[in-house]
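Worksheet: the structure to be examined is printed underneath.
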Amino acid sequence: MFHQAVWDEKLIIEKSGKRTLKLPFENVEFKMKIPEDLARKDLNINDNEEYEVIRHYVRLSQMNYGVDLNTYPLGSCTMKYNPKISEEIVSMDQVKYIHPLQDESTVQGSLQIMYELQEFLKEIGGMDAVTLQPVAGADGEFTGLLLVRAYHENRMDFKRTEIIVPDSAHGTNPASSTMAGFTTIEIKSNENGMVDLDALEAALSDKTAAFMITNPNTLGIFEENILKIAKMVHEKGALLYYDGANLNGIMGKTTPGKMGFDIVHFNLHKTFATPHGGGGPGAGPVGVKKKLEEFLPVPVIGFDGKKYFFDYNIKNSIGKITGFYGNFAVLVRAWAYIKLKGGSGLKEVTEMAVLNTNYLRKKLQGYYDLPYKELRKHEVVFSGTNFKQYGIKTLDIAKRMLDYGLHAPTIYFPLIVEEALMMEPTETESKENLDKFAEIMIRIASEAKENPELLKNAPQNTAVGKIDEVEAARNPVLSWKMIKK
Amino acid sequence: MFHQAVWDEKLIIEKSGKRTLKLPFENVEFKMKIPEDLARKDLNINDNEEYEVIRHYVRLSQMNYGVDLNTYPLGSCTMKYNPKISEEIVSMDQVKYIHPLQDESTVQGSLQIMYELQEFLKEIGGMDAVTLQPVAGADGEFTGLLLVRAYHENRMDFKRTEIIVPDSAHGTNPASSTMAGFTTIEIKSNENGMVDLDALEAALSDKTAAFMITNPNTLGIFEENILKIAKMVHEKGALLYYDGANLNGIMGKTTPGKMGFDIVHFNLHKTFATPHGGGGPGAGPVGVKKKLEEFLPVPVIGFDGKKYFFDYNIKNSIGKITGFYGNFAVLVRAWAYIKLKGGSGLKEVTEMAVLNTNYLRKKLQGYYDLPYKELRKHEVVFSGTNFKQYGIKTLDIAKRMLDYGLHAPTIYFPLIVEEALMMEPTETESKENLDKFAEIMIRIASEAKENPELLKNAPQNTAVGKIDEVEAARNPVLSWKMIKK
Amino acid sequence: MDDKSEMMQFLGINSLDDLFKDIPEEVKIDKLNIPEGIDEQTLRTEARNILAKNKSFFDMPSFLGAGVYNHYIPAGVYAIASRSEFYTAYTPYQPEISQGMLQTLFEYQSYIAELTGLDAANASMYDHSTALGEAARMAHSINEKMEILIPKNLQWQKKSVLWNYIKGLGMKIIEYDYDKKTGKIDLEDLKNKINNNTAAVYAENPNFFGVIDENVLKIRELGKFIFIAGINPISLGILKSPGDYGADIAIGEGQIIGNPMNFGGPLLGIFATKMEYVRKMPGRIIGMSKDRNGKRAFVMTLQTREQHIRRARATSNICSNEALCAVFSASYLSFLGKSGLRRLAEINMQRANDVREKILSINGFKNAHESLHFNEFAIILPKSEIDIHKHLLSRNVHGGYLLNTWNKNAFPELGNAMLFNVTEVHSDKDVEKLLNALKEVQ
Amino acid sequence: MDDKSEMMQFLGINSLDDLFKDIPEEVKIDKLNIPEGIDEQTLRTEARNILAKNKSFFDMPSFLGAGVYNHYIPAGVYAIASRSEFYTAYTPYQPEISQGMLQTLFEYQSYIAELTGLDAANASMYDHSTALGEAARMAHSINEKMEILIPKNLQWQKKSVLWNYIKGLGMKIIEYDYDKKTGKIDLEDLKNKINNNTAAVYAENPNFFGVIDENVLKIRELGKFIFIAGINPISLGILKSPGDYGADIAIGEGQIIGNPMNFGGPLLGIFATKMEYVRKMPGRIIGMSKDRNGKRAFVMTLQTREQHIRRARATSNICSNEALCAVFSASYLSFLGKSGLRRLAEINMQRANDVREKILSINGFKNAHESLHFNEFAIILPKSEIDIHKHLLSRNVHGGYLLNTWNKNAFPELGNAMLFNVTEVHSDKDVEKLLNALKEVQ
Ligand SMILES: Cc1ncc(COP(=O)(O)O)c(C=O)c1O
Ligand SMILES: Cc1ncc(COP(=O)(O)O)c(C=O)c1O
């Protein structure tokens, strides 16, 4: 049976050795004088041998889980396989050793890739213009909402202070809304888990700056009334914002543009298969319809038929969102992914992702509660409520999965599903894997009934056992410095 | 406590999926006709998804041990840390995508590196000329012995059919001697584990082609009489061959040339820190004194002051030993290592390797039997005989070490030490590591007395338990094909 | 029957289209107007051909800094960060099976805490610029004041990002001046601008001109605002930590410590603060705890600050971050250690100042600031910025940052001026190339 | 006190020299005359500068084959082979902690067994040439005969290596002829040369000229010698396996399946045989077994054949081998699978033959062999080999193998001739470049 590697590994800062790494100009004489009171007195870190550092982190890595090890069914996160060729490409000197402020003539390769990616994303999003600058989905949201603001203010419409979001929305949506200076109005979903048109109608007003949704929504359900929604929103003078985290459910089948969205952000690290180890880096480009183009952050990448250039000439640009042009090395990988797949390949991605999801959904139905309708797009949310009777929570199920060498799904999200288990297999799982996954989930369902202690004591086969999270938050120890204190 | 990762991983050939990898010209029409009776009918391997192949091997890798994980004290194998920069260099297009038959003008970079490496090795070996062509230590031995043969035959001395080796020699020495067409005469070591001068004298004759030894020898003991030995051998018209596997014990302190050797092979994959995953690739260049230069394999690398070239102009060359010029990508790494260390750095390597060995030796003395003298060079051989009384063999000790996440030393070699435990820490182990290592060895020594079952049932913390090797040899199953049969 | 057909049969559908019947016909599209996919080898070739149009540092030495710096990154850093288990992971939502990443991020936090002299760091922000935006918001959330004071010689991109981060709060940016001769903080001006409504004062050391500015030591005494210090993490090998001179928050660019330049991204926002403010800090934070057997274990903590729990009232919207860049930095700092970081800082400072002197010895090139510099310095040029820039390019060497052309002509007192960065990666040959080219324009 | 001093104290020595007092003073050296060590970054730059003098396939397309071939290697292969646990391991002497490598090598053996149609393969030989040498020795050890028959059109390097491997046994090499028109085995001549003393017959398919030679099907009937077949592993995607036409041993170059060219090394010798001869086979062999709990496990087996046990009477002296290259090949074949390998073979054959026809359509370029070719073919040139070679270089394209200049003028019947290799990596643009350059010399 599965067992994760266990190395009893000290903190690197607790170790101490001899530096074996030599620096360029290691022996240069330091003749400068730093003002006494600005000079550093002490630095409490240690030296280590190069080989000990390597061993330390190789061991640590063996105590971690990645999509290169097994199914990683985190709903909403689209943990798909990341093609290795992309890693090869970004390891080239012409990616790594390029400074962002280099003269345009010396970065035509970078600019070409960015330009092509802009074009691809326009097509995929059904949008008229794209900025690659935001570096994560939430950053894309923030950017998009600043554009919303700029748009309304530019029309001298200063009363639009509200962003409407459904209660099924990801936490970043309301948080981004706040950061952009808006008030968030949350509306309840209807009994089908979809946007409640009456609630939306009630919430919409001339204070509404935008309605922000993802479609398929976080339940994996396609909002069938999307055109009506768009109409309602636009009639009120508001904009419709597309949270692109769920693009893997519709890419190539429809576009946000077609559905009536004005703004969309893309989660390149999800849909476009760029690795984001441990939580990032991502990339969250934003596409907009024509009317919003004049507000995009500077620069976008232009092409005059001969050469590529930074276009800073954007009339009412909101300025900058991040320091430079976005997460270039992530953009390159997304570009590579799109090149590999091509137009019809991207459509197939969606088809397989949706097929896999519904296959898994049907396999698990009967063992786990499925709230709302059956047909899902790229993800499906079950509920663990039927195990309450055995004293089992979704968290226990999740922990037990780890014992089988499987990562758990996203849990307790979306908030509208009690004891939620949110699964997204993505297209890069074979039927064999899905069958194995379902088999384990079904086994756990019966373990929950027959041997609930097994779940409550899980995990046993991981590098450490269940962790006391409450204590961690009550007495936070956040650095070696605080340990020593 | 340590636990190796466990994944219950089928053979890849037992899995079956869909090929996701696309080939260049994947859709080209195949119009050629292969003669019916030469056409392949069936091929019993399966297709698999790219991501499943990655996962399969990443999981398998977690069930393997490398020097990047922990101390790898295999005596005679010099398992030292392999600098990562070397891997970066050999991953360049200008290494990987170079064909060996390219025009000289297009491979000046490769030739320069090889030329410089030849020069370095000449200096380190105290030799006059070097061939980089042999691809392993044993291949270097074979090459060297072919040179011995060519040398004597060229002098019309055809009676020299014998190679003398000490009984402590590595198995490749007698085996190479056979392959080169010689008869091997084995001489017993003396009571100090060194060459018995009387036995040597007795074995030497006008049939002796060469005496083949390593110094320090496989016990890690320096042959103090080396100059006398050289004299004895040379006086008989024979040559003196240096098995370079143990160069890490003397590099920069002396040279085989100074000691009187005529031929030396280098184990670049050992002394010069090139990785040789799972058993190879290695590189076994051979250095020779002037009188043997005219017999070297073709080509060697020349330099005319402006450009580097293949020198095929070797008067009495023995021809070719391997297909091209040796294991180039291994040679590059060895070159890089020498560049990093420099002359005095290489000497320090030796000093630290010897310091580490003797530190470990003294730490373990008293717990494990130490035959022969105390002072060792780069390795030390203990004996497990003192545990016989508890029914414990060296093999049991080795298996128990695995439970602590440590690889075992070389065992049962050299043959002249009963129940041998042959340890070579190399210079790339910190004192902290050596202390930890010694602590575990000492703990095992007491476990052997107090709880011998623990050793006999070891290992428990590895991916699989003790393996039935006898059965494997009795009914060999060597391929998937044989499983199916 | 193949897998796909079996699955469709299991679902009782005849066509994959059945899975998309919930999408209204009117919004469906036939296909994406994107060329057919290509195989990996063809992509490999195409990517090489396109990227060959770039000039990397190895093709053409460059003396650019101004936010992103070219430092030596040990090959081992890449080896570590490219471990599948690290780079194909995501946020460690299940800590028991993610100890490797969690411990590494905890180590990163620990390093940053030691370097900055503050108690705690988060596990990453997007970059230095957004870290500044977040720090300003955090200051406001601590003291509810409305003004942030920033140095007049702050790079325009950072100002712009800051503005986007705080305008929603109705906060105001106020610039304080610097001394034209030394390039250091004009303390008088700063003092005058601090008032009851000052949420935060932001100051950098070394500053945008590369000047080492001991005036930062005096800021804390000027009032009760939140003091945000902008740092260069390598400089902290030899410079006093912000914690030691009273900063409440320290931010900086983590690309500098172990991440490749990558044409400007991904970068890594460093963010550290005092314990008392930790619950106002944005971003993921890793904490130490114990597992059920009492064994030390690491886990994401203080999550109630974050968007997935507190939603509209979260400290920030940040979710995906730059964790893998923090892995680069943690391993980088481990390879260097204390002695390495200190030495590296010294080497940078010495090399840069040597080159500075050499440039100043060329006729027509003048000193911009009479100060001590870390690894960056401004030079007043004898000719137009652009002309000299182009001349250098023609000599296959990339000069520094065009201080007025590229920074909205913010420094009229300097006229034509270039900001040069010199680090340990600039060989004597690189420097010579620059000097020779500069001599040609004197 | 630092670690070194502590250790020295523990040993009771004052100087490291004490550890070397057993080395006689007369042989000691002061120092190595090798320049001082450099740091990693400097090495990085220097290596780039030196290697920039090489022209890689991406700098200049090449049509060289003749033993080493440029094939597409999936990026995943490198990702797998560069896993620390694989590439920093050594021979799996402790199988319980080395299952990853053992299973991978077992998979490699299994693939080779399937491809060659033989029961078992070893875990690697050095290269194709040495595998030939070992195979000849193995034949001798099976039947104690003294002659090995090889094709007259065997590449000279292979002949030379073979000779070195067998001369110690007193064996003889005898060449059998090929048909000048077709380039195929002259069966008559071969038959005539087989006698009672024939230890082995070696034949290649496709052969050195790239010719697919169905005469190999007739060899088995010619006698009781050991039949050694030389194969191209990719061609086995569409060609009958040696096992199927009666070969006892199959050898070949494993570089072809998933290993980079690397200027000719490391390569990978493929070696497979029938069960009845397994105990005579050289090299490491991995076998399947069980652990103490009955779980499947892998282990090195039949070690009594090997040098560390049988010493002077071992089947071979091989110890370190090319195991990591076998890891490359195992993962390569896994990515391709059956459909991929078959398709790849077809693509190679089709593309090569298309290019062949295009070259033949150029005035002055003539067919060398009226046969079916796999991915390599000889062309008779209108001018001197060297001149055309140089002309191509001047057009930044590298032509094929100079059949007489580089192979000891062994093929007088061909005069000026070049052996071209075309695989899936040659794009239409590469081919066009070659054709255009060839047209200029017609
Ligand atoms: C539905 C949804 N929206 C937005 C986001 C935010 O994206 P990011 O994490 O890239 O900031 C996520 C991802 O976590 C998401 O799942
Ligand atoms: C003493 C000695 N000689 C020779 C050899 C043979 O070297 P290789 O394995 O590179 O063929 C070895 C290595 O195993 C050895 O330890």
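Proteins come first, then strands; the chains are lettered A, B, ... in the order of their sequence lines, and each starts at number 1.
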Can you tell me which portion of D:Tyr78 sits under 4.5 Å from chain B's heavy atoms? Options are side chain, backbone, both or neither. side chain

A side-chain contact here means heavy atoms from C-beta on lying under 4.5 Å apart; do D:Lys4 and B:Tyr359 qualify? no

The interface call for B:Asp37 against chain D, heavy-atom contacts under 4.5 Å, is both

What's the verdict on side chain to side chain contact (heavy atoms under 4.5 Å, CB included) for D:Ile50 and B:Gln94, showing C-alpha distance, side-chain angles and the deciding distance? CA-CA 10 Å; D:Ile50 293 176; B:Gln94 284 74 16; over 6 Å; no

Least distance between heavy atoms, B:Pro476 atom then D:Leu302 atom: CG-CD2, 4.0 Å

Below 4.5 Å, heavy atoms only, C-beta onward: do B:Met259 and B:Thr255 meet side chain to side chain? no

Measuring heavy-atom distances to chain D, does B:Lys41 have an atom under 4.5 Å in its side chain, in its backbone, in both, or in neither? backbone

Heavy-atom cut-off 4.5 Å, strictly under: side chain, backbone, both or neither for B:Glu88 against chain D? side chain

Tell me, for B:Ser110 versus chain D, whether the close heavy atoms (under 4.5 Å) come from the side chain, the backbone, both or neither. both

Side chain from CB out, backbone as N, CA, C, O: work out which of these in B:Gln4 comes under 4.5 Å of a heavy atom of chain D, or both, or neither. side chain

Parallel, tilted or perpendicular, judged at 30° and 60°: which one describes the rings of B:His407 and B:Tyr65? tilted

Measuring heavy-atom distances to chain B, does D:Ile80 have an atom under 4.5 Å in its side chain, in its backbone, in both, or in neither? side chain

What part of B:Ala336 lies closer than 4.5 angstrom to a heavy atom of chain D: side chain, backbone, both or neither? both

Side chains of D:Asn317 and B:Thr178, heavy atoms from C-beta outward: is any pair under 4.5 Å? no

Heavy-atom distance under 4.5 Å to chain D: side chain of B:Gln112, backbone, both or neither? side chain

Which atoms of B:Ile250 approach chain D - backbone, side chain, both or neither, heavy atom under 4.5 Å: side chain

Check: B:Phe328 ring centre within less than 6.0 Å of D:Phe263 ring centre: yes

Side chain from CB out, backbone as N, CA, C, O: work out which of these in B:Ile411 comes under 4.5 Å of a heavy atom of chain D, or both, or neither. side chain

Closest-packed option against chain D by number of heavy-atom pairs under 4.5 Å, given B:Phe30, B:Phe324, B:Trp480: B:Phe30

Under 3.5 Å, side chain of B:His269 to main-chain N/O of B:Pro275, donor-acceptor pair present? no

Between B:Arg59 and chain D, which part of the residue has a heavy atom less than 4.5 Å away: side chain, backbone, both or neither? neither

Would you please indicate yes or no on a ring centroid separation below 6.0 angstrom for B:Tyr72 and D:Tyr90? no

Honestly, the part of B:Asn44 sitting under 4.5 Å from a heavy atom of chain D is both

With respect to chain D, which residue among B:Ser91, B:Ala180, B:Gly345, B:Ala329 yields the maximal number of heavy-atom pairs within a distance under 4.5 Å? B:Ala329

Heavy-atom cut-off 4.5 Å, strictly under: side chain, backbone, both or neither for B:Met92 against chain D? side chain

May I ask you to decide if D:Pro95's main-chain N or O and D:Ser98's side chain share a donor-acceptor pair within less than 3.5 Å? no

Select one option (side chain, backbone, both, neither) describing which atoms of B:Ile34 are under 4.5 Å from chain D's heavy atoms. both

I want to check something: taking the side chain as every heavy atom from C-beta on, are B:Leu69 and D:Thr88 in contact at a cut-off of under 4.5 Å? no

Is B:Leu101 close to chain D through its backbone or its side chain, or both, or neither, when contacts mean heavy atoms under 4.5 Å? both

